[in-house]
Amino acid sequence: MQNADIARILNRLANMLDIEGANAFRVHAYRSAAQTIESHPRALQEMVTHDAPLTELDGIGRDLAEKITELINTGRLTVLEEAEKRLPSGLLQLLRVSQLGPRRIRQLHEALGIDSLETLKKAARDGRIRALEGFGEKTEAGILKEAERLNDAPPRTRLDEAHRAADDLIAWLEHAKSAQRLSAAGSLRRGRETVGDLDILVSSEDGPAIMAHLMAYPEIAETVSHGKTKSTLRLHSGLQVDVRVVGDESFGAALYYFTGSRAHNIATRKMATDRGLRINEYGVYKGKQQLAGRTEEEVLAQIDLPWIPPELRENRGEIEAALEGTLPELVTLDDIRGDLHMHTTASDGKASLEDMARAAKRRGYRYIAVTDHSQRLAMANGLDARRLREQMTEIDALNERLKNFTVLKGNEVDILEDGSLDLPDDVLKALDVCVFSIHSRFDLSREKQTARILRAMDNPYVNILAHPTGRIINGREGYDVDMEAVLHGAKARGVFLEINAQPARLDLADHWARMARDIGVMLAINTDAHATEQLGHMALGVTQARRGGLERQDVLNTRTVTQLRKLMKR
DNA sequence: GCCGTTTTCGGCCCGACTGTTTTCAGTCG
């Protein structure tokens, strides 16, 4: 059981108690424990095995420690099972409908017997919801629209969760005696922001031995199918996994075949056919003779192509570029010299200014920008002009103590509804880096939202538009905005956009990143870290940038601090 | 449910804003 699994279960329990109307502080305690556990560097399962006290974690007391231990030791949680007996499981689905929170869900359940998305939609269509106290026609229509959207979009697993699951399974399979080479394939290897299921590939001369070893993997919840060279499983997390074994002489061909994408593979297989060759998961064949298969490079060389990075294999022009020799030299994590968006305890971060700086330095960075929230986000303890100036003084003092490292003065200033900014110009002017972003009024029309952002860009002191669409993966759609107009506006004004590397955001999405590159707007890849460990999300952001075809020179934070300072002066 | 002590209970959830419901639930990080 992984930390993410424990966190998911605690959140599930919190949601159920919330709908039941339990004490809000109790619900909050479960949620905050889940959050702590998810970002805890050590596996709780291992802590329990070694009798390390779980109460050392923030927000975990005697009771929660006991419950978590029960969960780890037995795979079950009594309080959750009891709650599940009291409450239809479909009610949890309803929380995904924006406009519905725990109170209203309870009300819908009690008054109308609604217990699932299906019954919710039926009640909305029948016009029964508008009759309830606190609801009206507009709310009813909004609920119906949301419920219908959710229905035809089964949730895919976020890239970070899929990575963790794949890494753990591969580590397990590496211990099988006959395992030779191992790799994840599929959309995970292509770095898509979400994956449907995991594809794990192993080369070995003894398929049945690998499969026997696999079957002992403790995370398996259900075996869907089980053969000599291929098995399909469902993990406790709900994620489906395909594991395939091929001979080592076919590993490259299989890796290529199962990495996809389907559209990419169809295109290259056609190229092979034109040459009288056949490509399948075992190799490149002329008749019955295998010409290649050991590595991807050898497979692609048979059709006169260089190796193509998996992130580009979507049949979006990469094959043509490969033929012409114009494949981009994609940005790598090693190219990143700093991180330009993060929070500290001054607003809603978990670590102090100095701790964030030192953690970034340990990662090998040369600089960071500290960008706490501005005053309007009172809930996140946003900074007003006075507190921001105090922080600047603090940063000056810190910079004197740090060697070979620069903390840049920044802020994540809120864009207000009319496109004005949440802090006065004279304080924005004093910043080294001004990140600006939207945290309210997601509901504006496309025209108004676009005009709002362009107006914010007119301010001469802003630099980087953060999480430019506001979307949350598996959570909410972004606001409606004309991204092409925003990018052209940014280009004209010397403003930059962000690829926010938070796993739930990854905003900009890959296609927008590519458009930015084509228009000539540099992007910053930033983690928006609220704790030191979250600085590690940079890798996800880099993957997203690679999918957009970005090279080193397209990314702002591959620059030196001197170059960066110049680019920030508009 | 956690935390901390003024030790076994009281405080903790922070606050501005929106919508259309008419007095508050939901949203934002």
Side-chain angles (χ1 to χ4, degrees), chain A residues 10-11 13-14 16-37 53-68 77 79-80 83 94-108 129-143 146 341-350 371-384 411-418 422 435 437-444 466-467 470-472 475-479 500 502 504-505 507 527-531 534:
Chain A
L10 290 180
N11 273 322
L13 178 56
M16 299 191 90
L17 294 172
D18 208 358
I19 291 171
E20 283 195 310
N23 180 304
F25 297 110
R26 184 178 170 216
V27 174
H28 179 252
Y30 282 117
R31 292 214 174 103
S32 92
Q35 206 182 349
T36 302
I37 291 166
L54 298 179
T55 47
E56 276 178 11
L57 273 74
D58 272 348
I60 295 186
R62 222 187 51 162
D63 184 273
L64 268 169
E66 226 169 75
K67 289 190 167 84
I68 294 163
L77 188 57
V79 273
L80 178 64
L94 304 187
L95 280 171
R96 297 179 54 214
V97 179
S98 65
Q99 299 169 301
L100 289 187
R103 284 276 291 254
R104 285 176 163 180
I105 290 172
R106 185 161 76 243
Q107 189 185 357
L108 288 167
I129 291 177
R130 71 183 72 171
L132 294 181
E133 197 182 331
F135 292 83
E137 268 184 59
K138 282 202 173 177
T139 310
E140 185 181 69
I143 288 172
E146 273 277 293
H341 183 174
M342 68 189 64
H343 300 268
T344 73
T345 42
S347 64
D348 59 348
K350 290 259 200 292
T371 56
D372 278 304
H373 289 291
S374 62
Q375 56 195 5
R376 199 204 68 91
L377 253 63
M379 214 172 91
N381 195 21
L383 277 61
D384 58 20
N411 189 260
E412 181 181 7
V413 63
D414 239 63
I415 303 174
L416 304 179
E417 182 172 350
D418 63 356
D422 189 33
V435 170
S437 60
I438 283 180
H439 295 110
S440 63
R441 294 311 308 258
F442 282 36
D443 59 332
L444 293 185
H467 40 75
R471 64 102 174 247
I472 299 289
R476 64 166 184 243
E477 306 276 316
Y479 33 79
N500 188 294
Q502 287 281 328
R505 287 193 183 271
D507 180 11
T527 64
D528 195 357
H530 286 66
Q534 291 178 17

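Sequence lines set the chain letters: A, B, ... in the order given, protein chains first and strands last, and positions in each chain run from 1.
- A donor-acceptor contact under 3.5 angstrom links the side chains of Glu146(A) and Ser98(A), judged on distance only.
- The side chain of Arg103(A) lies closest to dG26(B), out of dC28(B), dG26(B), dG15(B).
- dT20(B) and dT27(B) have their P atoms separated by 13 Å, with the value rounded to a whole Å.
- In this structure, Ala29(A) and Leu64(A) approach most closely via the heavy-atom pair O-CD1, 4.1 Å.
- Projected onto DNA chain B by closest heavy-atom contact, Phe135(A) and Val27(A) fall at different nucleotides, the more 5' of which corresponds to Val27(A).
- The C1' atoms of dT8(B) and dG1(B) are separated by 15 Å, rounded to the nearest whole Å.
- Taking the side chain of Arg441(A) as heavy atoms from C-beta on, and the options dG1(B), dT18(B), dG29(B), the nearest nucleotide is dT18(B).
- Side chain to side chain, His343(A) and Asp528(A) meet the donor-acceptor criterion of an N or O pair below 3.5 Å.
- Glycosidic conformation of dT8(B) is syn; the angle stays within 90° of 0.
- Summarising the geometry, the separation between CD on Glu133(A) and P on dA25(B) is reported as 10 Å, rounded to the nearest angstrom.
- When heavy atoms are screened at a 4.0 angstrom cut-off, Arg476(A) is found touching the sugar-phosphate backbone but no base atom.
- Following rounding to the nearest Å, His467(A) (NE2) and dC28(B) (C1') show an atom-to-atom distance of 10 Å.
- Rounded to an integer number of Å, the gap from CG of Leu80(A) to C1' of dG1(B) is 16 Å.
- In terms of phosphate contacts, Arg505(A) brings a side-chain nitrogen or oxygen within less than 4.0 Å of OP1 or OP2 of dG29(B).
- Here dG26(B) presents its P atom at 12 Å from CG of Leu94(A), a figure rounded to the nearest Å.
- dG10(B) and dG15(B) have their P atoms separated by 23 Å, given to the nearest Å.
- Across dC13(B) and dC24(B), the matching P atoms stand 23 Å from one another, rounded to whole Å.
- Rounded to whole Å, the separation between the C1' atoms of dA16(B) and dG29(B) comes to 13 Å.
- Tested against Ser347(A) for a side chain to side chain donor-acceptor pair (under 3.5 Å), the candidates Asn381(A), Asp372(A), Asn411(A) yield a single pass: Asp372(A).
- Note on Phe25(A): a base of the nucleic acid sits closer than 4.0 angstrom, heavy atoms only.
- At the heavy-atom level, Glu417(A) lies under 4.0 Å from the strands shown only through sugar-phosphate atoms.
- Nucleic acid contact for Glu137(A): sugar-phosphate only, since backbone atoms but no base atoms lie under 4.0 Å from a heavy atom of the residue.
- Atom CG of Leu377(A) and atom P of dT27(B) are 16 Å apart (whole Å).
- Of the options Val413(A), Val435(A), Thr344(A), a side chain to side chain contact (heavy atoms under 4.5 Å, CB included) to Thr371(A) is made by Val435(A) and by none of the others.
- Across all strands shown, His343(A) has no heavy atoms under 4.0 Å from either base or sugar-phosphate atoms.
- The separation between Leu13(A) atom CG and dG1(B) atom P is 8 Å, rounded to whole Å.
- Distances from the side chain of Pro102(A) to the nucleotides dG26(B), dC2(B), dT20(B) place dG26(B) closest.
- Along DNA chain B, the nucleotide closest to Gly136(A) and the one closest to Leu100(A) are compared, and the more 5′ of them pairs with Gly136(A).
- Remark: dT8(B) base-pairs with no nucleotide; criterion is Watson-Crick or G-U wobble with both hydrogen-bond distances under 3.5 Å.
- Straight-line distance from the CD atom of Gln107(A) to the C1' atom of dG26(B): 13 Å, rounded to whole Å.
- Closest contact between the side chain of His373(A) and the listed nucleotides dT20(B), dG29(B), dT18(B) involves dG29(B).
- When the nucleotides dA25(B), dG29(B), dG1(B) are ranked by their closest atom to the side chain of Arg104(A), dA25(B) comes out on top.
- When the C1' atom is compared between dC9(B) and dC14(B), the two are found 23 Å apart, to the nearest whole Å.
- With respect to the salt-bridge test (charged N to carboxylate O, under 4.0 angstrom), the residues Asp422(A) and Arg376(A) do not qualify.
- For the C1' atoms, the distance from dT5(B) to dC12(B) is 15 Å, rounded to whole Å.
- Counting non-hydrogen atoms under 4.0 angstrom, Arg62(A) reaches the backbone sugars and phosphates but no base.
- Side-chain contact, Glu412(A) with His439(A): a donor N or O sits under 3.5 Å from an acceptor N or O.
- Arg31(A) has a carboxylate O that lies under 4.0 Å from a charged side-chain N of Asp18(A), or vice versa, which qualifies the two as a salt bridge.
- Checked against dG26(B), dG29(B), dC13(B), the side chain of Ala24(A) finds its nearest nucleotide in dC13(B).
- At the heavy-atom level, Ser347(A) lies nowhere under 4.0 Å from the strands shown.
- Atom pair Ile19(A):CD1 and dA25(B):P shows a separation of 15 Å (rounding to whole Å applied).
- Using a 4.0 Å heavy-atom criterion, one finds that Asn381(A) contacts no nucleic acid atom at all.
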